[in-house]
Amino acid sequence: MKVVLIRHSKTAGNLMGRYIGTTDEPLCEEGIRLLENRSYPAAELVYVSPMNRCRETAALIYPTLAQREEPLLRECDFGDFENKNYLELNGNPDYQAWVDSGGTLPFPGGESREGFQERCREGFVRILREAQAEKRRQIAVVAHGGTLMRVLSAFAVPEKPFYDWQVKNGRGFLLEVPEDFMEKRKLTVLENL
């Protein structure tokens, strides 16, 4: 099976460099235009994070496909940093501590890195099991930048650290999921989109 893994297109918060996790923003005009005249690999079914920005991106890329929501693929809960950018957080001691930790501390009032990672892994494995049970040959997944980075840093070959999997809005990867994925938990990145 192959998986087309795509980061949602741009929102107003993305344009302003904000931490947008639980804020349910729609795509902005620039985000809609970003997807125009772009082509993506075909899919039989599209899984989405339940957030508006992912559902709207999937509808623009795959307008004829049914969407299945997977809540575990939503973006990280940034807690006290939610909907703020680094300029607004400048001087905040909690933010400075988080930056100094290399992003390893939990977000104050939000999610821990480990909790987010486990949730994303569980959600991705859940949709793969379902798609394999339905004998799907190619599916798409539209989710968030952090979600994609967590999935790829956990399962992708070649192996790379979390931050090396950063992807721009509207971009993604074509993955191959081998028959023995549930046993070995490794998949191959075939192409950057």
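All residue numbers in this chain count up from 1 along the given sequence.
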### Task
Evaluate side-chain contact (heavy atoms from CB on, under 4.5 Å) for R74 paired with T22, printing each intermediate quantity in order.
CA-CA 8 Å; R74 68 190 184 286; T22 58; 6.0 Å; no
### Task
Please test E134 against E44 for side-chain contact (heavy atoms from CB on, under 4.5 Å), starting from the C-alpha separation and ending with a verdict.
CA-CA 11 Å; E134 294 176 7; E44 301 167 53; over 6 Å; no
### Task
Starting from the C-alpha separation in whole Å, work towards a yes-or-no answer on side-chain contact (heavy atoms from CB on, under 4.5 Å) for H8 and E56.
CA-CA 8 Å; H8 66 79; E56 290 175 4; over 6 Å; no
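Classified by interplanar angle (parallel below 30°, tilted 30° to 60°, perpendicular above 60°), the ring pair F81/Y19 is tilted.
Defined by atom type and a distance below 3.5 Å, a donor-acceptor pair is present between the side-chain atoms of E82 and T23. Using modelled atom types and a 3.5 Å distance limit, the side chains of T188 and E176 yield no donor-acceptor pair.
Hydrophobic clustering (side-chain heavy atoms under 4.5 Å, transitive across Ile, Leu, Val, Met, Phe, Trp, Tyr) groups L35 together with L174. No continuous path of ILVMFWY side-chain contacts below 4.5 Å connects Y47 to Y62, so the two sit in separate hydrophobic clusters.
Nearest approach of S49 to A143, heavy atoms of both residues: CB-CA, 4.4 Å. When all heavy atoms of E75 and G146 are compared, the pair lying nearest together is OE2-N, 3.3 Å. The minimum heavy-atom distance linking R113 with G103 is given by the pair CD-O, 3.8 Å.
Classification of E118 and R121 as a salt-bridged pair holds, one side-chain N sitting under 4.0 Å from a carboxylate O. Note on E30 versus K10: salt bridge recorded, some NZ/NE/NH1/NH2 to OD/OE distance being below 4.0 Å. Under 4.0 Å is where a charged nitrogen must lie from a carboxylate oxygen, and between R68 and E130 at least one such pair does. Between R126 and E122 there is a salt bridge, with a side-chain nitrogen of the basic residue lying less than 4.0 Å from a carboxylate oxygen of the acidic one.
For the pair R150 and F116, the cation does not sit on the ring face, since its NZ or CZ is not both under 6.0 Å from the ring centre and inside 45° of the axis.
Using a 4.5 Å cut-off on side-chain heavy atoms (C-beta onward), H144 and M149 make no contact.
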